[in-house]
Amino acid sequence: MKGTTYISELKNNVSKPVTIAGWLYNSRSSGKLLFLIIRDGTGMCQCIVEKGKVGDELFGKLEHLGQESSLTISGVVRADERSVGGYELAATDAKIISPSSDYPITPKEHGTDFLMSHRHLHLRSQRPWCIGKIRHTVVDAVRRFFNDNGFILTDAPILMSMAGEDQQSLFEVDYFGRPMYLTQTGQLHIESTAMSFGKVYCFGPTFRAEKSKTRRHLTEFWMVEPEVAFIDLPGLLELAENFVSYIAKRVLEDNTKELQTLGANIDAIKKIVPPFYRLTYTEAVNILTSDKTRKFLDEQLAQFNEQKNNIEKRIAELEEQQKGKIKEWQKEKNAAELIDLRSEFAEVTTKIENNPKHARLAAEFRWGKDLGGSDETIISQMHDKPVFVTHYPKDAKAFYMKTDRSNPKVVENFDLLAPEGFGEIIGGSVREDDYNMLLQRITEDGLKPENYQWYIDLRKYGSVPHGGFGLGIERTIAWLTGERHIRQCIPFPRMMDTVYI
RNA sequence: UCCCCGAUAGCUCAAUUGGCAGAGCGGGCGGCUGUUAACCGCCAGGUCGUAGGUUCGAGCCCUACUCGGGGAGCCA
């Protein structure tokens, strides 16, 4: 709006009169003094309205203004440590643009279901706002990294004609009477553009109809996939670690405040620098079945049990207090703590239940299976930096992955596991570039070569060693921000059973 | 698809284990010139997810269903 100043610019306008335009985030009053917290998309600002400094009628209106009313406020900027953001506005005038009443999202806690079904409003709240800013940085860093390193953006189609590897996990759409599928990956298509430009990437939404109901899954998510001609596995790993480190660096640079607000582990993000740990699948299996892992899990279980006992003790203590005669405010504080404790209790109980299952799965792990979610979690928990796991068994992996010529039982692929138990954020591989071997893998997997004719064709006309990987944007954001569920990391999440709005 | 948990005021949750349905926040009114999820006083607000059953009596016990959460498999 003409003549208005963004809250992010207040620091450059100290002692000057400005007008800000925004929404009322929260208001408090103390007699003849009002504290209005205004948000405008760039930040928050506390406006102080003194009775006498503005007209009585306006003061009365502002005093009863509902949360999320839109308005402009004019006043003089001053620095004050007591204010959010460090600056505040001594109001001299205000204009209410559109009053709001009974805003559903109050300054108290709400449940996920309620917030998600009010997602159109929830996005105005502080946590989604911080995550949204970080998502913007991550996406910008993704594009910046590839654009600055000689990659060409080549978009893959969203509607695919090929059924791909796993028809069950595809969304089918009716395309003028014949079936088509929403893309699961752009990889096959950009292998062909890589043969034109050398280094390419695609970045867009991806759709998976997997029946996965976990905190790490969305049915619609964003994935960036680079594909490079003339690259080998060590080259791919180097590319991936530089890429992920760059994203982490940019988020640290641009979003320290947001990370702090979210309570993210900033020291852990600072550790995300090359080189990352490198394990082969075989080494990972040896670790999983080792005494070291058994001890690690035992210790973890002991820790969980101790946590559980402490929580139980505290709950009993508080419940005892609640029965006795105590001050009203203490009672309320206790009640709030009890709610937190009970949810922590439920969480640690689940961990205790899962620990022996995971321990058994790890101990009984036999070479040849794909690593399960819990196995990845264990490996990831044992490291403080991202870990590459490479060279998985051929039988557990997709047909397009290149067979390791020095060990035909494995393929030249890798997963990148984020540390501290977060798990997989990247999957990638060198692609099979030999015409006959690719054909053989396709038939071995029970697929029809005629469905992949153009893809096989790429191996006919100047085939070269090449490869790439896919990085999940929401998983990356969840990992960096410490958000436990990736549905918070996309504005409008689509999950297996639930599409809120 | 399988296993576990839950559903009480607009929201977040209590209800001494079967005996009169409560608190905070939010809303309304009033008080307070430096509040930080402000505080203090008063007021309004309920078909206890749905259907059935047990019982003198059910928010609580039993059965089925609906919806939601967490986890497993699979994956980014």
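Just so it is clear, the values below take in all heavy atoms, side chains as well, and ignore hydrogens, waters and symmetry mates. Throughout, protein chains are lettered first and strands after them, A, B, ... in sequence-line order, and every chain is numbered starting at 1.
Residue pairs meeting the salt bridge (charged side-chain N to carboxylate O under 4.0 Å, His left out) criterion with at least one member in residues 75-93 of chain A, sequence neighbours excluded, are A/R78-A/E88, A/D80-A/R82, A/D93-A/K95.
Searching all strands for a Watson-Crick or G-U wobble partner of B/A44 with both distances below 3.5 Å returns nothing. Both distances falling under 3.5 Å, in either a Watson-Crick or a G-U wobble arrangement, occur for no nucleotide opposite B/U8. Using Watson-Crick or G-U wobble geometry with both donor-acceptor distances under 3.5 Å, B/G73 finds no partner in any strand shown. Across all strands shown, the partner of B/A51 is B/U63, judged by Watson-Crick or G-U wobble contacts whose two distances both fall under 3.5 Å. Across all strands shown, B/G31 is found opposite B/C39 as a Watson-Crick or G-U wobble partner, with both distances under 3.5 Å. Summarising the base pairing, B/C20 is matched to no nucleotide, lacking a Watson-Crick or G-U wobble pair whose two defining distances lie under 3.5 Å.
Of all nucleotides listed (B/U33, B/A37, B/A72), B/U33 comes nearest to the side chain of A/S30. Distances were taken from every side-chain heavy atom of A/H217 (C-beta onward) to each of B/C75, B/G26, B/G70; the shortest belongs to B/C75. Considering only the side chain of A/T106, B/G26 comes nearest among B/C75, B/G26, B/A37. Among the nucleotides B/G71, B/C75, B/U33, the one closest to any side-chain atom of A/R216 is B/C75. Nearest to the side chain of A/L33, among B/U33, B/G71, B/G27, sits B/U33. For A/L218, whose side chain is taken as the heavy atoms from C-beta onward, the closest listed nucleotide among B/G73, B/A76, B/U12 is B/A76. Picking from B/G71, B/G34, B/G73 the nucleotide with the shortest atom distance to the side chain of A/L361 gives B/G73.
Atom name P, nucleotides B/U66 and B/A23: the rounded distance is 36 Å, in whole Å. A distance of about 24 Å separates the P atoms of B/G19 and B/G52, rounded to the whole Å. Rounded to whole Å, the separation between the P atoms of B/G45 and B/G57 comes to 30 Å. As rounded to the nearest Å, B/G73 and B/A58 have C1' atoms that lie 40 Å from one another. Spacing of P atoms, B/U16 relative to B/G49, comes out at 16 Å, to the nearest Å. On the C1' atoms, B/U54 is 26 Å away from B/C67, given to the nearest whole Å. Remark: the separation of the C1' atoms in B/U12 and B/U17 is 23 Å, to the nearest Å. Here, B/A44 and B/G22 have their P atoms 13 Å apart, quoted to the whole Å.
Here the C1' atom of nucleotide B/G69 and the CG atom of A/L115 are 14 Å apart, to the nearest Å. The nearest whole Å value for the distance from the CG atom in A/D102 to the P atom in B/C25 is 17 Å. B/U35 atom C1' lies 15 Å from atom CD1 of A/I38, rounded to whole Å. For the pair A/E376 CD and B/A72 P, the computed distance is 11 Å after rounding to whole Å. Here B/C74 presents its P atom at 16 Å from CZ of A/F221, a figure rounded to the nearest Å. Remark: P of B/U66 and CG of A/D113 are 17 Å apart, rounded to the nearest angstrom. What separates CZ of A/F114 from P of B/G69 is a distance of 15 Å, to the nearest Å. The nearest whole Å value for the distance from the CD1 atom in A/I426 to the P atom in B/A76 is 11 Å.
Using a 4.0 Å heavy-atom criterion, one finds that A/Q46 contacts the bases of the nucleic acid, with or without backbone contacts as well. Within the 4.0 angstrom heavy-atom criterion, no nucleotide atom of any strand lies near A/L471. Residue contacts for A/G111: at a heavy-atom cut-off of 4.0 Å it reaches the sugar-phosphate backbone alone, with no base atom in range.
In this structure, A/Y277 has its ring center closer than 6.0 angstrom to the ring center of A/H383. Centroid-to-centroid, the aromatic rings of A/F243 and A/F146 come within less than 6.0 Å.
A/L288 contributes atom CG, which lies 6.5 Å from atom CG of A/L371 (distance to the nearest 0.5 angstrom).
Every residue two or more places apart in sequence or in another chain was checked for a ring-ring contact (aromatic ring centres under 6.0 Å, His included) with A/F59, and none qualifies.
Of the residues in residues 77-90 of chain A, those with a non-hydrogen atom less than 4.0 angstrom from any atom of RNA chain B are A/R78, A/D80, A/R82, A/E88.
There is no side-chain donor-acceptor pair under 3.5 Å between A/E227 and A/Y201.
A pairwise comparison of heavy atoms in A/W479 and A/I425 identifies CZ3-CD1, 3.7 Å as the closest pair. Nearest heavy-atom pair, A/R366 versus A/Y281, reported as atom, atom and distance to 0.1 Å: O-OH, 4.0 Å. Shortest non-hydrogen contact noted between A/T481 and A/A264 is O-CB, 3.4 Å.
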**Message:** One pair to check against salt bridge (charged side-chain N to carboxylate O under 4.0 Å, His left out): A/E412 and A/R431. What are the steps and the verdict?
**Reply:** CA-CA 8 Å; A/E412 293 192 44; A/R431 320 303 184 189; over 6 Å; no
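Sequence order on RNA chain B of the closest nucleotides to A/K397 and A/Q67 puts A/Q67 first from the 5' end. Residues A/K32 and A/S29 both approach RNA chain B. Their nearest nucleotides, taken by heavy-atom distance, put A/K32 toward the 5′ side.
The side chain of A/H64 places an N or O atom within less than 4.0 Å of a non-bridging phosphate oxygen (OP1 or OP2) of B/C29. Between A/H485 and B/G70 there is a side-chain polar atom (N or O) within less than 4.0 angstrom of OP1 or OP2. A close approach under 4.0 Å does occur between a side-chain nitrogen or oxygen of A/R487 and OP1 or OP2 of B/G69.
Interface remark: the A/R475 side chain does form a donor-acceptor pair with the B/C75 base, using a distance-only criterion of under 3.5 Å. A/S169 contributes no side-chain N or O that forms a donor-acceptor pair with the base of B/C75 under 3.5 Å.
With its glycosidic angle within 90° of 0, B/U17 adopts the syn conformation.
Salt bridge annotation for A/E483-A/R475: absent, with no cationic side-chain nitrogen under 4.0 angstrom from a carboxylate oxygen.
Residue ring and nucleobase are not stacked for A/F35 and B/G34 under a centre distance beneath 5.5 angstrom and an angle between planes beneath 30°.
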